[in-house]
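Here is the structure we will look at.
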Amino acid sequence: MYAAELRQTWLAEKLGKSFSIVNAYVCNRRQPSLETLFQIAEILEIEAKQLIENSNYNTNQ
């Protein structure tokens, strides 16, 4: 099993959701509800804003 799968499995367990659902969030095939987004942020100990910011966005364009 890949390290990313282990982390997704861990997050799925913390959220009470299946690995497939969490993998769909990660691969951007499905969007979590706002409630789930805030749960993920709490579990990861980050601000929810960090989950939705586009780190590839260049403001100097």
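Residues: numbered from 1 along the sequence shown.
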**Request:** Kindly indicate, with the supporting measurements, whether the criterion side-chain contact (heavy atoms from CB on, under 4.5 Å) is fulfilled by L11 and R7.
**Result:** CA-CA 6 Å; L11 182 58; R7 290 185 289 254; over 6 Å; no
**Message:** Can you confirm whether E35 is buried at CD, in the sense that more than 12 heavy atoms of other residues, nucleotides or ligands lie under 6.0 Å from that atom?
**Reply:**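 No, because the 6.0 Å sphere around CD of E35 holds 12 heavy atoms or fewer from other groups.
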**Prompt:** Once you round to the nearest 0.5 Å, how far does CG of L51 lie from OG1 of T36?
**Reply:**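 Result: 11.5 Å between the selected atoms.
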**Request:** Could you tell me the separation between the CD atom of Q39 and the OG atom of S33, rounded to the nearest 0.5 Å?
**Result:**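 The OG atom of S33 is 7.0 Å from CD of Q39, to the nearest 0.5 Å.
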**Minimal non-hydrogen separation, A41 against E47, with atom names** =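 Result for this residue pair: CB-C, 4.0 Å.
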**Side-chain heavy-atom pair I21, L15 within 4.5 angstrom cut-off** =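 The answer is no; the side chains never approach within 4.5 Å.
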**Request:** Check each of Q8, Q31, K17 against Y25 using the side chain to side chain contact (heavy atoms under 4.5 Å, CB included) test, and report the only one that passes.
**Result:**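 Testing each of Q8, Q31, K17 against Y25, the sole residue satisfying side chain to side chain contact (heavy atoms under 4.5 Å, CB included) is K17.
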